[in-house]
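The structure under discussion appears below in the form of structure tokens.
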Amino acid sequence: MRLFSVAFCAGLIAASLATTPCAGAPTVKHFDLGGMTASAARVFRGTVTDVRAGSVSVGGGQVATTIYRIPVTGTFKGEFATVQDITYADVEMIGSVKADAQSNNTRRFSPFRDMPRLERGQDYLLFLTAESRIALSSPVGLVQGLFEIDTSVPSEPTANRMNNAGLVAEVAKGPLPYADLAQRVRTIVSGQEGEKR
């Protein structure tokens with residue numbers, strides 16, 4: 001019974017993090033850039049410097065998490081910690097650092113395998129949900145709110161794992177120069193803040 005309770009609560013957490021309706025297979029609401037920005041509590045650019053395992057207590061048990069330390073190099077929306085003049089974000093997402101463990105010829109599948117993983121050393125533009133009551137967060141729309149920035153090219157092509165499909169009306173899909181995407185986000189955030197006044 002306790003195992004069922006942990007699995008049930010973990011499922012509820014995953015569903016709430018995705019902020020999407022469930023329908024058998026994972027279904028995620030599609031966001032354009034304006035919707036993604038409005039749904040995000042924090043929007044920022046940073047490089048992952050540390051990835052470590054964590055866990056949270058829920059439903060009488062422990063659920064595996066992954067904690068990412070990300071020094072922030074550009075902020076668009078939200079609050080960030082600053083220690084010794086370094087601004088950073090610690091992001092804790094549900095799911096184990098190790099994917100789909102295998103032991104004794106039995107493969108174990110994580111119920112959170114659709115949760116995107118971040119790589120140490122990679123530059124990202126992240127749109128994160130507000131932290132849950134147990135301090136978990138996720139990219140808005142899962143892979144939609146996780147943009148990889150290619151710093152090896154001067155224009156820094158930036159795309160999410162859906163290749164920016166449906167992100168902006170005038171571009172069908174494909175990477176956008178980081179400066180262009182950043183300016184679009186600033187304009188959206190400025191407009192949203194103006195509406196609140």
So do the side chains of [X] and [Y] get within less than 4.5 Å of each other, counting heavy atoms only?
X	Y	answer
V143	M162	yes
L136	V56	yes
L146	N160	no

Please check: side-chain N/O of [X] versus main-chain N/O of [Y], any donor-acceptor pairing under 3.5 Å?
X	Y	answer
T129	S138	yes
S39	G35	yes
Q122	I149	yes
N163	A165	no
N164	K173	no
H30	Q144	no

Closest approach of [X] and [Y], non-hydrogen atoms and distance?
X	Y	answer
M36	G145	SD-CA, 3.7 Å
K77	A38	NZ-O, 3.5 Å
P71	T47	CD-O, 3.0 Å
Y124	E119	OH-N, 2.8 Å
S137	M93	O-CG, 3.3 Å
A159	P175	CB-CA, 4.0 Å

So, taking the atom named [atom1] in [X] and the one named [atom2] in [Y], what distance separates them when rounded to the nearest 0.5 Å?
X	Y	atom1	atom2	result
F147	F127	CZ	CZ	5.0 Å
L33	L181	CG	CG	6.0 Å
I70	D50	CD1	CG	10.5 Å

Would F76 and T37 count as a side chain to side chain contact (heavy atoms under 4.5 Å, CB included) if you check the C-alpha gap in whole Å, the side-chain angles of each, and the deciding distance to 0.1 Å? CA-CA 9 Å; F76 299 90; T37 305; over 6 Å; no
I'd like to know if E170 and R184 make a salt bridge, using a cut-off of under 4.0 Å between side-chain N and carboxylate O.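 A salt bridge is present here (some side-chain N lies under 4.0 Å from a carboxylate O).
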Taking 4.0 angstrom as the limit, do R52 and E92 come out as a salt bridge?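 No, R52 and E92 are not salt-bridged.
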When you compare the side chains of [X] and [Y], does any donor N or O come within less than 3.5 Å of an acceptor on the partner?
X	Y	value
D123	T151	no
T158	E148	no
T65	S55	no

Within 45 degrees of the ring normal and closer than 6.0 Å to the centroid, is that where the cationic atom of R45 sits relative to Y178?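 Geometry flag: set, cation within 6.0 Å and 45°.
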Could you tell me whether R69 sits above the aromatic face of Y88, with NZ or CZ closer than 6.0 angstrom to the six-membered ring centre and within 45 degrees of the axis?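 Ring-cation test returns yes.
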Is there a side chain to side chain contact (heavy atoms under 4.5 Å, CB included) between I67 and V91? Walk through the geometry before answering. CA-CA 6 Å; I67 303 167; V91 179; over 6 Å; no
Please confirm whether F80 and F44 have ring centers closer than 6.0 angstrom.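 So the answer is yes for these two rings.
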Set of side chain to side chain contact (heavy atoms under 4.5 Å, CB included) partners for S155, sequence neighbours left out: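 Expected list: V153, P157, P177.
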